[in-house]
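Down below is the structure, laid out as structure tokens.
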Amino acid sequence: IPQAWLRSHDLERDAFAERVELRLLVPVAEGEPLARIDVTLVPRARVRPSASLLDRVYLLQFDTRQLSGPVGLIGKPLKPDSGYQSESVWYDPLHPSPFVAKCQQPVAEDAQSTCLRTVVLGTHIAAIYAFDQALLAHWAQFDALLKPYLERIGAL
């Protein structure tokens with residue numbers, strides 16, 4: 001893993017790591033600035049993919065309203081009475097293994113909305129992506145944008 005990608009440089013090189021935290025600067029579209037995507041690699045057994053949470057968890061917490069947003073995604077706010085008043089879930093309703101991201105509005109006025117998405121990369125590894133909600137506009141290319149970085153470090 002290139003040192004410049006690591007969010008923390010205090011990892012012991014020869015020690016076992018429970019997680020690896022990366023910060024990637026990814027070109028999302030020509031003419032746009034590089035997008036920062038934080039990637040945390042963890043053992044697959046420690047997380048549930050966002051797509052599996054859609055039907056098992058999020059669906060039960062959806063408010064009746066629907067949000068407007070990127071073409072191809074449905075945005076649903078989570079019920080405010082369940083403690084999720086500033087959170088929403090965005091998902092692709094047409095794919096059997098859909099793009100799903102849970103987003104939270106910022107606490108500070110000048111901060112960005114942050115989204116989380118968890119995917120399984122292989123038999124033993126998963127990735128948790130943290131990114132600015134504005135990147136949802138590129139949701140259809142999201143996995144393809146990250147693929148070269150993950151292949152380079154052997155995560156795919």
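With sequence neighbours left out, D143 forms a salt bridge (Lys or Arg N to Asp or Glu O under 4.0 Å) with R117. With sequence neighbours excluded, no residue satisfies side chain to side chain donor-acceptor pair (under 3.5 Å) with Q66. Considering only residues two or more places apart in sequence or on other chains, R56 meets the side chain to side chain donor-acceptor pair (under 3.5 Å) condition with none of them. In this structure, the side chain to side chain donor-acceptor pair (under 3.5 Å) partners of K102, at least two apart in sequence or on a different chain, are E87.
The distance from atom OG1 of T40 to atom CZ of R46, rounded to the nearest 0.5 Å, is 13.0 Å. With rounding to the nearest 0.5 angstrom, the CH2 atom of W139 is 14.0 Å from the SG atom of C115. Remark: R23 CZ to I37 CD1 distance equals 11.5 Å, nearest 0.5 Å. Atom-to-atom distance recorded for L78:CG and Q85:CD is 10.0 Å, nearest 0.5 angstrom. Atom OG of S88 sits about 13.0 Å away from atom CD1 of I74, to the nearest 0.5 Å. Considering CG of L22 and OH of Y129, their distance stands at 10.5 Å, rounded to 0.5 Å.
Side chains of T114 and Q104: a donor-acceptor N/O pair is absent below 3.5 angstrom, by distance only.
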- Message: Working note: Q61 + K76, criterion side-chain contact (heavy atoms from CB on, under 4.5 Å); need CA distance, chi angles, decisive distance, verdict.
- Response: CA-CA 9 Å; Q61 300 299 326; K76 297 291 284 181; over 6 Å; no
- Item | Chi angles and distances behind the side-chain contact (heavy atoms from CB on, under 4.5 Å) call for L54, F62 | CA-CA 10 Å; L54 180 62; F62 284 161; 4.0 Å; yes
- Determine, step by step, whether I125 and R44 satisfy the side-chain contact (heavy atoms from CB on, under 4.5 Å) criterion, reporting the C-alpha distance in whole Å, the side-chain angles of both residues, the deciding distance to 0.1 Å, and the verdict. CA-CA 4 Å; I125 194 168; R44 194 273 180 247; 5.7 Å; no
- Message: If you apply the rule side-chain contact (heavy atoms from CB on, under 4.5 Å), what do you find for I153 with V20, and how did you get there?
- Response: CA-CA 11 Å; I153 61 172; V20 177; over 6 Å; no
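Annotation: side chain of V119 is not in contact with side chain of P49 (no heavy-atom distance under 4.5 Å).
Under the side-chain contact (heavy atoms from CB on, under 4.5 Å) rule, W90 has a single partner from P70, P98, S50, which is P70.
Ring centers of Y58 and Y91: at least 6.0 Å apart, outside the cut-off.
Applying the salt bridge (Lys or Arg N to Asp or Glu O under 4.0 Å) test to residues at least two apart or on different chains, none of the pairs has a partner in residues 118-131. Sorted by first then second residue, the disulfide bond (SG atoms under 2.5 Å apart) pairs that include residues 127-156, not counting sequence neighbours, number zero.
In plain terms, the two heavy atoms of L73 and D92 that are nearest each other are CD2-N, 3.6 Å.
Hydrophobic clustering, with ILVMFWY side chains joined whenever heavy atoms are under 4.5 angstrom apart, keeps V120 apart from I128.
Ion pairing of K79 with D63 is absent here, as no side-chain N (NZ or NE/NH1/NH2) approaches a carboxylate O to less than 4.0 Å.
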